[in-house]
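Heads up, the thing below is written out as C-alpha cells.
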Amino acid sequence: MKRREFLTLPGSSLGGVLLYTLAGEPVRMQAQTGEIKVPLRFFTSAEARVVQAACDRIFPSDASGPGATEAGVVIYIDRQLAGPYGRDKYRYTKPPFVESVPEHGYQGKAAPREIYREGIQKLGDFASLAPAARDEKLRGIETSTFFRLLRQHTIEGMFSDPLHGGNAGMIGWQLIGYPGPRMSYREEIDKAPGQAYRQKPASLAQIVGHPVTGWEDEKG
Amino acid sequence: MPQIKPVDVVIAGGGFVGLTLAKEITARTSLSVLVVERGQPRKLADYAAGMDELDYALRFRMMQNLSEETATHRHSAKAAAVPIRQYGSFNPGTGVGGAGEHWGGISYRFYPEAFRLASFLREKHGGTLPENLAVQDWGLSYEEIEPYYWRAEQMIGVGGRAGNLGGKAVDGGNVFEGPRSHEYPIPPHKQTYATTLFEKAARGLGYHPYPVPTATLSRTYTNPDGVTRTGCAYCGYCTRYGCMIGAKAQPTNLLMPLLAKRKNFELRTGCSVRRVVHQDGKATGLTYRDETGAEVFQPAQIVIVASWTLNNSRLLMLSRVGQPYDAATGKGTLGKNLTHQVSQATRVFLDKPLNAFMGAGGLGIGISDFDGKEGVDRFAGVLRGGNIRLMSTGEGPVGGFGAIPPGEVQSEWGSDWKKAALAWHDRVASISSEAEHLAYRQNYLDLDPTYKDQYGDALMRLTLDWTAHERAQGAMLGQIQGQIGKAMGGRVGPPNSRLLERYTVTQYQSTHVNGGAIMGTAPESSVVNPWLQHWQMANLWVVGGSAFPQNGSGNPTLTILALTLRAADGLIDRYLKKPGELA
C-alpha cells in the first residue's frame, strides 16, 4: 500500500474572519492555532507544496486581501484530482485522439491528474524559488493546458462551497461579499437598488442543516 | 432477446416532450403508455442539496455523461470531425425531466412570419437570397399554433406582459410579437437593479422594453391540470440546477404528479433506447438496454421518438428509418437543416453593486426592436434579427469572478489582476442576444464514421459553421448592446465577435440546437408532417426541437411544447379515429 502523504499547514494560515479598516483595507483575524495535518488524496507532499506555491502566485495574499493559501486551494485541487473529475470519468475519452483547431478545445488523452503530475514535474524546484522567480516560471507556461487548469482550479478553490475542501472558513466568500447559497431573496431582490446586500456567509451544509457530499466523494 | 408485454404507445425519452405527450394521452384515452428513459428518477427534495455551483453549473452534474455518449463536430464536409470531449456550446440533459429540469424557464413565442420563413423571405427579397440558404416553411401557420402556444403558456405558467393583444399594440409588452388571444397567465417577475437600469436606458433610446416571459413563477399559480406551484424565491440557483421549491416549470413537479396517479402510465428508468424496430413500413416497437445491460424488445402499436433534438435524428439514423440527407446532392431529408442560435453578448461595467447572485433563470428585460418582421431593415445584409436583453439569472461566485474592463490589467493572474477583479466584482452586467439561425445546405447531421458511444453505435456528427450572415447579425446586435450599455452609464466592453468567426464547441452559447428531423409540407423536403408524424411511417411520431426547419429568435422550449400539444391532438383526435397519414 502507498505510504500516506500529508500536507502540514500552520493553522493560522487557513480561514479566519475578514474585517475591514475604516479605509477599506481588509484585515484577516486568525481563527486557529497550532498545526493542521491534511491527509492528501492524490498529491505527494512535495507536489502539494509546488501547487500551493503556484496557486499563491495566481491568487496571492496581499494588500487586497487573503488568497489561495488562506482558502486552502491546494486541498480543494487535491480532492478534485483524486475524484471522478481528475480521472476524467465524465469526459469522452475514446480514441483516436487527433489534434484539431482551437474551437474544438482540449482533445488530448491525458486526464487532469496526469496533466498536473507532468506540469508539476516541469516546475522542478518551484517551491524553493523567490516570488519573482516563481512568477517568471509561471509566465513561461501561461499558455499550457496545465496552467489553464491551475488558474481555473485556483478560482474554483477560492470561491466554491467549502464542502469541496477550499474556501476555508468561507474566506473567499467574505472577500467578495457572497452570502452563500441562500434559499430566498424574495423580500430583498427589488429593494435598496445599487446597495450591496451583505450577510455573514453561510455554507450549503449550514443552510440545509446536514453535511452535503460533493461529486468528488461519490463512490464508483 | 426477451420480448415483453406489448403496450399501445411507447415513448422514447422521459423529458418535457415525452412526459407531456404521456400526460395528454393517458388523460384523454385508455391507451397504455410506456415512457422509456435512460436516466434516473428525480425529486424536488434532492434539489436543495444541489445548490452547489461547482458540481452543477461548472461540472454539469445533471447532464448527459459525455464519457458514454457525445457528438462530434466539424466545420465543413471537407474537414475531419473530432468529438466534443467536454461540455461547451450546449448542454444535453438526461434523467427524468431531461433538460426541462435544468433550463432557465424563458418562454418566448416565435414570430408569425418565422413559420413561413421561406415564403416571407422570397416575398421580401425576391431573387436576391443567398444561394445556399435552406430555410423552409413549417407547414403550420402562426394562427394554427397560437392556441397551442396559449395552452403551453397555461400549462407551465408563463409570466409576462402581452405586447400585442388581438392585433392591438400594448405598451410595456413586446409590441413586435404576433397577436395573442390572451394576456399572459400570470404577471412578470419583480425586477433587479441591473434590469431596471437596462429598461430605463432602452426606453430612453426610443426602444420598447418588456419583461422577458418566463415559466419561473412570479407568484403561486394553479394550471388547468390542477397542478399548483409556489412563486419564485429568486435564490439564483436556476439555470443548470433543479428548482427545489418547484417554482420553475419542471416535468418532475408539473407532469410527474399527474402521471403518478394514472393507471395506464408506466415509466421505465435506466433504460437506454437503441432502435426503433419496423417492418414493412410500420413501426413495431423499440429496443432498449435495461439497467442490467440486457437488450429488450418492447412491442407497441404507436412509437413516439421524444428525446433531445440531436438524439431524435440519431435514433432514426441508427434505426434506418427515412432517407439520410446528402449535402452534395441535396437529396434525402434526415439530418438536414441543423441549426443552433446566434449568440452575442456585451459586458457593461457599472458604478454600483448589483447583488447579481440574486435572480431567476428567466428574470430580465428585453427589447425586440431588432427582431421580427421589420427590425433588421436598416442593416444591410441582415435577413433576420434577435432579441437584446439583460438577464439577472443568479450569478455564482466562481463563474461571476474575474470580469475586468479590457486593457485595465496586463495579466490574468497575480496581484494586479486580483485587485482589479475584486474591485469590479458584482458590478458587471451582460447584455446578451439570441438571434434566429437560418438553415443552410452545408449545416447538417449524419452518423460519425469513426467515433462510437458506450454501446459501439456511431455518434451523431454535426457539420456546422457560421456564415457572413450570422456575423452581420452579431455585429448589428453588438452595436445596439453597446449603445444601451453606454446609456446605462457603464463602461462597455467590446462584443465577443470571435464567437461568430468560427463555430466553437468550447464556449456555452445555448442548448437551443434544432433541426435534423424537420417538419414541412412535403415528404421530399421534410421528415415529419405538420403533426410531427413520420411521412413514411404513419404510426411513428418524432417530436421535439428536431422538427424546427430553422431556429427562431429566443428560447425554443415554449415552441417545442406547443408543437407537442398539437401533435397530441393530432394523434388522439385524428389518428386514433382513422389511423393513417394525417397530412
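Just so it is clear: chains get the letters A, B, ... in the order the sequence lines come, proteins before strands, and each one is counted from 1.
Along residues 87-94 of chain B, no residue comes nearer than 4.5 angstrom to chain A, judged on non-hydrogen atoms. Scanning residues 192-206 of chain A against chain B with a 4.5 Å non-hydrogen threshold yields A:Pro193, A:Gly194, A:Gln195, A:Ala196, A:Tyr197, A:Arg198, A:Leu204, sorted by number. Heavy-atom proximity under 4.5 angstrom to chain B picks out A:Asp135 from residues 128-137 of chain A.
For A:Pro102, the part sitting under 4.5 Å from any heavy atom of chain B is the backbone (N, CA, C, O) and nothing else. For B:Asp351, no part lies under 4.5 angstrom from a heavy atom of chain A. Neither the backbone nor the side chain of A:Thr154 has a heavy atom closer than 4.5 Å to any heavy atom of chain B. With a 4.5 angstrom heavy-atom cutoff, B:Leu363 touches chain A only via side-chain atoms. With a threshold of 4.5 angstrom between heavy atoms, A:Arg91 approaches chain B through its backbone and through its side chain. Residue B:Thr450 touches chain A through its side chain alone, counting heavy-atom pairs closer than 4.5 Å. Both the backbone and the side chain of A:Ser160 come within contact range of chain B, each with at least one heavy atom under 4.5 Å from a heavy atom of that chain. Proximity to chain B involves both the backbone and the side chain of A:Tyr90, based on heavy atoms less than 4.5 angstrom apart. Looking at A:Leu138, both its backbone and its side chain come within 4.5 Å of chain B, counting heavy atoms on both sides. Contacts of B:Leu459 with chain A are made by side-chain atoms alone, with heavy-atom separations under 4.5 Å and no backbone atom involved. With a 4.5 Å cut-off on non-hydrogen atoms, A:Val98 touches chain B through its backbone and its side chain both. With a threshold of 4.5 angstrom between heavy atoms, B:Met63 does not approach chain A through any atom at all. Contacts of B:Gln507 with chain A are absent, with no heavy-atom separation under 4.5 Å from either backbone or side chain. With a 4.5 angstrom heavy-atom cutoff, B:Thr196 does not touch chain A via any of its atoms. For B:Ile245, the part sitting under 4.5 Å from any heavy atom of chain A is the side chain, from C-beta outward, and nothing else. Residue B:Leu422 touches chain A through its side chain alone, counting heavy-atom pairs closer than 4.5 Å.
Between B:Ser67 and A:Lys89, the closest side-chain pair of non-hydrogen atoms is not below 4.5 Å. B:Tyr237 is listed as a side-chain neighbour of A:Pro181, based on a closest heavy-atom distance under 4.5 Å. Contact of the A:Met183 side chain with the B:Cys235 side chain is not registered, since no non-hydrogen atoms from C-beta on lie closer than 4.5 Å. In this structure the side chain of B:Lys418 reaches within 4.5 angstrom of the side chain of A:Asp62, judged on heavy atoms. Considering only heavy atoms from C-beta on, B:Leu54 stays 4.5 Å or farther from A:Phe159 through its side chain. The closest side-chain heavy-atom distance from A:His164 to B:Asp52 is below 4.5 Å. Residues A:Arg139 and B:Trp413 have side chains in contact (heavy-atom distance under 4.5 Å, counting atoms from C-beta outward). Side-chain contact between B:His75 and A:His104 is present, with at least one heavy-atom pair separated by less than 4.5 Å.
Using modelled atom types, one side-chain atom of B:Asp55 and one backbone atom of A:Trp215 make a donor-acceptor pair closer than 3.5 Å.
Chain A forms the most heavy-atom pairs under 4.5 Å with one residue out of B:Gly50, B:Ser392, B:Cys232, B:Gly402, and that residue is B:Cys232. Comparing A:Pro66, A:Gly180, A:Gly67 by heavy-atom pairs within less than 4.5 Å of chain B, the highest count is held by A:Pro66. Each of A:Ile155, A:Asp56, A:Ile207 has some count of heavy-atom pairs under 4.5 Å with chain B, and the biggest count is that of A:Ile155. The choice from A:Gly177, A:Ser184, A:Pro60 that makes the most heavy-atom pairs within less than 4.5 Å of chain B is A:Pro60. Of the listed residues A:Leu175, A:Thr213, A:Asp161, the one with more heavy-atom pairs under 4.5 angstrom with chain B than any other is A:Leu175. For the options A:Ser100, A:Gly172, A:Pro179, heavy-atom pairs under 4.5 Å to chain B are most numerous at A:Pro179. Between chain A and the options B:Thr506, B:Asp453, B:Val398, heavy-atom pairs under 4.5 Å are most frequent for B:Val398. Of the listed residues A:Gln152, A:His210, A:Glu216, A:Arg57, the one with more heavy-atom pairs under 4.5 angstrom with chain B than any other is A:Arg57. Across B:Glu53, B:Lys419, B:His73, B:Gln454, the residue that shares the most heavy-atom pairs under 4.5 angstrom with chain A is B:His73.
With rounding to the nearest 0.5 angstrom, the CG atom of B:Leu66 is 10.5 Å from the OH atom of A:Tyr92. Distance check: B:Glu412 CD to A:Ile58 CD1 gives 11.5 Å after rounding to the nearest 0.5 Å. Atoms CG and OG1, from A:Asp190 and B:Thr195 in turn, are 9.5 Å apart once rounded to the nearest 0.5 Å.
Around NZ of B:Lys452, the count of heavy atoms belonging to other residues, nucleotides or ligands within 6.0 Å exceeds 12. Around NZ of B:Lys43, the count of heavy atoms belonging to other residues, nucleotides or ligands within 6.0 Å does not exceed 12.
Under the rule for a side-chain contact (heavy atoms from CB on, under 4.5 Å), the partners of B:His425 that lie at least two apart in sequence or sit in another chain are A:Ile176, B:Phe401.
B:Arg59 has a carboxylate O that lies under 4.0 Å from a charged side-chain N of A:Glu156, or vice versa, which qualifies the two as a salt bridge. Ion pairing between A:Lys94 and B:Glu68 fails under the 4.0 Å rule for side-chain N and carboxylate O.
Within the 6.0 Å centre-distance limit, the rings of B:Phe357 and A:Tyr178 are counted as a close aromatic pair.
Under a cutoff of 6.0 Å and an axis angle of 45°, B:Arg85 and A:Tyr106 do not form a cation-pi pair.
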